[in-house]
Amino acid sequence: MVALPETARIAVIGAGAMGAGIAQVAAQAGHEVQLYDNRPGAAVRAIDGIAWQLGRLVEKGKLEGATRDAILSRLRPAVSLDALAEVSLVIEAIVEDLAVKGALFAQLEALCAPDCILASNTSSLSITALAAGLERPERLAGLHFFNPAPLMALVEVVSGLATDAAVVETLLATARRWGKRPVRTRSTPGFIVNRVARPFYAESLRLLQEGAASCASLDALLREAGGFRMGAFELTDLIGQDINYAVTCSVFNAYHGDPRFRPSLIQKELVDAGRLGRKSGQGFYDYREGATRPAPTELESAATVDGCVLEGDLGVARSLVQRLRATGIAVTERAGSGLLRVGDAVLALSDGRLASERARQEGLRNLVLFDLALDYGTASRLAISWAADTTPLARDQAVALLRHAGLKVTPIRDLPGLPVLRTVAMLANEAADAVLHQVASAADVDLALCAGVNYPLGPLAWAEAIGLGLVLTTLENLQRSYGEDRYRPSLLLRRTLAEGGRLHE
Ligand code: NAI
């Protein structure tokens, strides 16, 4: 299917943060764009804002002055909806309200040509429900941009029950021509990103609530071991605790209270207190004048180590051994089940069990568990936890070994699953369920999370890199430890593992 040609006129309704960004994207791609807002003067102000943004790019030498002028000449404020009769595509980005959006689309249907595509930038409403009141519901689809639209590559192209496949193909091709990375998704709550990303916030909130470590420590681990750009607390402070909490509640309610999406009480408390994050001066962190950012906890060690014993294969953590060797640690190898022994300590990669429980079950004295890292060769920090009967000396020896390899070591209270492993396992689980339920393909789910929220790896590709066996075991251990349905593993993980196949075809 072909993209809308450059000559096709586009209308954007709603000149707020999203509408302005989308109008800019379409004008940059060569379309004549009409921008309409029912607040008098809002469309003109939005175009002035775009002119200012483009002007800065010209000043920085990133855009030619003539190109800026050409883009701006294609952007027009519309004084009424009647001016939009000639357009080939309308993108709606008004207030997030089903009734208001529904009324607008009914009005547009009467005004626009029969083959004009109607698209909504809604992030939480059902495309099926939005289209239900239309005479031709097949021409309505979701076209979900991310904020800021000119910079974020992802666009979710959402089909409702009635959406014509040709409309979806045209939108995909058009978004691609606009320089975006579109993915297909069915109209289900949260589409791809707002659904699959929920555990990123939820697991950190849960760990904080259970006293695992401080916000600063958990954030540092997700960044410096997990490879995420930001940790969950600093990110939700940036998004706004009220916005993030509202999205979680909306997804939770839309999935009829599935415990997987249960909102966090500690986040609700922040919202109740008006601590909304950066915008209110306080959230999980304090942004008021004079406030200092707390540092993550880091363990020191007085122990000295010059060698360790590797028993078996560390699997995904294999490159930790190379790193140890590269820093001058002698590593002796012998057969075993994937353990690293140093002095009195036994180190093992977490599998979702409590350290104390695993120590007892496997008869291991002085057990120290370490967390998943995106890349053990380059990570700068790693979380550890230890069993109740691990001696201070053994713990110090384990810390000394990791510090020798250049890793900062952050302690986590003994809980089922360490932060990065647990977060990635739950992200992969949600991603797998979205694929199982035909919401989107595995490739599109991974692309959506990388392009939409900047994850360093798609959750499904990450699960395959870790090994589906470890992901499934981690989830099973979490489910058993908590006795909660929240951690139930997706059938797709179990089936793919049983078939010996791959999540990405
Ligand atoms: P906003 O509040 O900044 O802008 C909405 C604009 O729509 C306002 O200028 C308002 O005057 C106008 N408006 C309201 N009702 C209207 C009507 N009946 N006719 C014409 N104009 C009307 O909101 P924002 O953030 O730009 O969001 C717009 C849509 O985009 C919502 O559906 C939202 O869920 C969605 N969205 C928002 C994202 C974000 O990060 N802000 C990200 C992705 C989607």
Side-chain angles (χ1 to χ4, degrees), residues 11-26 33-50 53 77-84 87 90-112 118-127 129-131 133 140-158 175 180 182-183 185 187 189-195 197 235-236 238-251 254 276-279 448 451-454:
V12 177
I13 318 248
M18 293 309 292
I22 297 167
Q24 182 183 333
V25 169
V33 181
Q34 309 255 19
L35 184 57
Y36 174 77
D37 198 291
N38 67 356
R39 249 185 322 136
V44 172
R45 276 196 302 280
I47 294 172
D48 288 346
I50 298 170
Q53 300 271 0
V79 282
S80 77
L81 283 179
D82 298 340
L84 311 182
V87 302
V90 180
I91 305 171
E92 165 280 310
I94 66 166
V95 57
E96 188 75 339
D97 180 307
L98 185 69
V100 180
K101 283 187 197 286
L104 173 69
F105 280 120
Q107 221 182 330
L108 287 170
E109 190 169 46
L111 279 172
C112 299
L118 304 179
S120 173
N121 185 50
T122 179
S123 37
S124 66
L125 301 174
S126 155
I127 295 301
L130 271 178
L140 188 130
L143 195 61
H144 184 215
F145 287 81
F146 287 72
N147 194 8
L151 297 183
M152 298 299 290
L154 183 69
V155 177
E156 292 178 330
V157 178
V158 190
K180 297 297 178 192
V183 291
T185 171
S187 178
F191 309 137
I192 302 176
V193 171
N194 279 340
R195 168 195 184 158
L235 181 55
T236 50
L238 182 68
I239 294 169
Q241 297 302 337
D242 51 340
I243 305 278
N244 186 262
Y245 178 68
V247 175
T248 304
C249 289
S250 140
V251 171
L276 307 181
R278 282 178 182 269
K279 61 185 174 187
V453 272
N454 295 317

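Start at 1 and go down the list; that is how both ligands and their atoms are numbered. What you are looking at is a predicted structure, and each value in this text was computed from that prediction instead of being measured. Along the sequence shown, residues are numbered consecutively beginning with 1.
A donor-acceptor contact shorter than 3.5 Å links the side chain of K101 to the backbone of I94. In this structure a side-chain-to-backbone donor-acceptor pair under 3.5 Å is missing from E92 to L118. Put simply, the side chain of K180 gets close to the backbone of M152: a donor and an acceptor are under 3.5 Å apart. For Q24 (side chain) and A26 (main-chain N/O), no donor-acceptor pair under 3.5 Å exists by modelled atom type. A donor-acceptor contact shorter than 3.5 Å is absent between the side chain of N121 and the backbone of G142.
The two atoms that bring M18 and A149 nearest to each other are CE-CB, 4.4 Å, heavy atoms only. Of all heavy-atom pairs between L35 and G19, the closest is CD1-O, 4.2 Å. Taking both residues in full, the closest heavy atoms of L98 and A129 are given as CD1-CB, 4.1 Å, listed atom of the first, atom of the second, then distance. When all heavy atoms of G102 and L130 are compared, the pair lying nearest together is N-CD2, 4.0 Å.
Protein heavy atom nearest atom 33 (C) of ligand 1, with residue, atom name and distance: E96 OE1, 3.7 Å. Looking only at heavy atoms of the protein, atom 4 (O) of ligand 1 is closest to G16 CA, 3.2 Å. Distance from atom 5 (C) of ligand 1 to its nearest protein heavy atom, with residue and atom name: A93 O, 3.8 Å. Ranking the protein heavy atoms by distance from atom 18 (N) of ligand 1 puts N38 ND2, 3.5 Å first. The protein atom (non-hydrogen) at minimum distance from atom 25 (O) of ligand 1 is M18 CG, 4.0 Å. Scanning all protein heavy atoms for the shortest distance to atom 3 (O) of ligand 1 gives A17 N, 3.2 Å.
Interface atoms of ligand 1 facing V95, defined by a heavy-atom separation under 4.0 Å, are 14 (C), 15 (N). If you number the atoms of ligand 1 from 1 as listed, the ones under 4.0 Å from a heavy atom of K101 come out as 31 (C), 32 (O). Atoms of ligand 1 found under 4.0 Å from any heavy atom of V100 (numbered from 1 in listed order, with element): 18 (N).
For F145, every heavy-atom contact with ligand 1 shorter than 4.0 Å involves the backbone, none the side chain. The parts of S123 lying near ligand 1 are both backbone and side chain, judged by heavy-atom distances below 4.0 Å. Contacts with ligand 1 closer than 4.0 Å are made by no heavy atom of L104, backbone or side chain.
Nearest residue to atom 44 (C) of ligand 1 from V247, N121, V193, I239 is N121 (criterion: closest heavy atom). Among I22, D37, I94, the residue whose heavy atom sits closest to atom 12 (C) of ligand 1 is D37.
Ligand 1 has no N or O atom lying under 3.5 Å from any N or O atom of H144, backbone or side chain. For a threshold of 3.5 Å applied to N or O pairs, the pair formed by E92 and ligand 1 contains no separation below that value. The shortest N or O to N or O distance between Y36 and ligand 1 is not below 3.5 Å.
Within a 4.0 Å radius of atom 7 (O) of ligand 1, the protein has at least one heavy atom.
The OG atom of S250 sits 12.0 Å away from atom OH of Y245, with the distance rounded to the nearest 0.5 Å. With rounding to the nearest 0.5 angstrom, the CD atom of Q107 is 5.0 Å from the CG atom of L81.
Checked options L143, L154, V157; the residue passing with P182 is V157 (criterion: side-chain contact (heavy atoms from CB on, under 4.5 Å)).
Residue contact check for ligand 1: A42 places no non-hydrogen atom closer than 4.0 Å to it.
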